[in-house]
Amino acid sequence: MSIDKSFRLDGKTALVTGASYGIGFAIASAMGQAGAKIVFNGRRSELVEKGVAAYRKLGLNAHGYVCDVTDEDAVRDMTARIEREIGIIDILVNNAGIIKRVPMLEMSSQDFRQVVDIDLSGPFIMSKAVIPGMIKKGGGKIINVCSMMSELGRDTVSAYAAAKGGLKMLTRNIASEYGQYNIQCNGLGPGYIATPQTVELREGQPFEQFILARTPAHRWGEASDLAGPAVFLASHASDFVNGHILYVDGGLLAYIGKQP
Ligand code: NAP
Ligand code: GCO
């Protein structure tokens, strides 16, 4: 296969969870531009509809579904509907996620459970629904959107770090258990990216400068920075990459920080 063709996704169906906007939208758009049929979901129908229109503005005919990734019956029904209406899912991107920034001692166990449910149980539920079709089809790609918090902790993000640390190990376990079926499962670990999820950390906040100082690239990432790495992990170019977390962080994890 030519090197150019190995990065193409023509003939593939890609499902990106939580892709009405943000990182998921950027990943799904890139996969669409690489030739994949785009399918995505979200919890809010008005945002899913807005997402479909936004993809169309990019010349992409994306299929949007309203589905909460923590609702196992809804996920099963959505997966069956996609397989009937569009085809077997070749690429699954577990992108949907939330964060709650609360000091651990002040965090309710309900809030803790909600973050872990969406950020960790969601990818488990989605992968369980999609893998049987991938096995039937002879292989597939699963990409779990991890985080700096898959490796690092910081104040107020205990639930999120626990979930994203768990997602790193779920990634490695899916790779271990289903690699024999030509399924590659890898993680994508974005650094600090300018999306709605981080808006309260930016816009003149001291944290914005803190991250700039901690990042060798000396900038916040853009959702578009995830596009190329995601297409790589979804393509034949990464067929022998399995159980790997690809960090896209401008060098943050490699850097101890400048001596004051
Ligand atoms: P975002 O702007 O808040 O978008 C999150 C997306 O997930 C939205 O489309 C949201 O749609 C969807 N979602 C949330 N809960 C859902 C559920 N239960 N079922 C289905 N969809 C759900 O966040 P983002 O910055 O794009 O982040 C996307 C992913 O990257 C997340 O997993 C996040 O943890 C991770 N990440 C972000 C950064 C960053 O700096 N931004 C860095 C590393 C990793 P609805 O609310 O409409 O359902
Ligand atoms: C935070 C941020 C981070 C980023 C991302 C970093 O509060 O520290 O939200 O968690 O979202 O996960 O990779």
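Since the structure is predicted, the reported quantities are computational estimates derived from the model, not experimental observations. One-based numbering, in listed order, for ligands and for the atoms of each.
Protein heavy atom in closest approach to atom 15 (N) of ligand 1: Arg43 CZ, 3.2 Å.
Using a 4.0 Å cut-off to heavy atoms of Arg101, the atoms of ligand 2 that qualify are 1 (C), 2 (C), 7 (O), 9 (O). Counting the atoms of ligand 1 from 1 in the order shown, those under 4.0 Å from a heavy atom of Thr198 are 39 (C), 40 (O), 41 (N). Atoms of ligand 1 found under 4.0 Å from any heavy atom of Asn95, numbered from 1 in the order shown, are 28 (C), 29 (C), 30 (O), 31 (C), 32 (O). Each of the atoms 4 (C), 9 (O), 11 (O) of ligand 2 lies under 4.0 Å from some heavy atom of Gln197. Using a 4.0 Å cut-off to heavy atoms of Ser147, the atoms of ligand 2 that qualify are 5 (C), 6 (C), 12 (O), 13 (O). Within ligand 2, the atoms closer than 4.0 Å to a non-hydrogen atom of Arg154 are 1 (C), 7 (O), 8 (O), numbered from 1 in the order shown. Close approach of ligand 2 to Leu201 is summarised as follows: ligand atoms under 4.0 Å from at least one heavy atom of the residue are 1 (C), 2 (C), 7 (O), 9 (O).
Checking each of Met31, Lys37, His236 against Lys12 for a side chain to side chain contact (heavy atoms under 4.5 Å, CB included) leaves exactly one that passes, namely His236.
Side chains of Asn182 and Gln184: a donor-acceptor N/O pair is present below 3.5 angstrom, by distance only. In this structure, a donor-acceptor pair under 3.5 Å is present between the side chains of Tyr247 and Glu151. A side-chain N or O of Ser238 and one of Lys141 form a donor-acceptor pair less than 3.5 Å apart.
Checked against a 3.5 angstrom limit, the closest N/O atoms of Ile193 and ligand 1 fall inside it. For Val69, a nitrogen or oxygen atom sits less than 3.5 Å from a nitrogen or oxygen atom of ligand 1, counting backbone and side chain alike.
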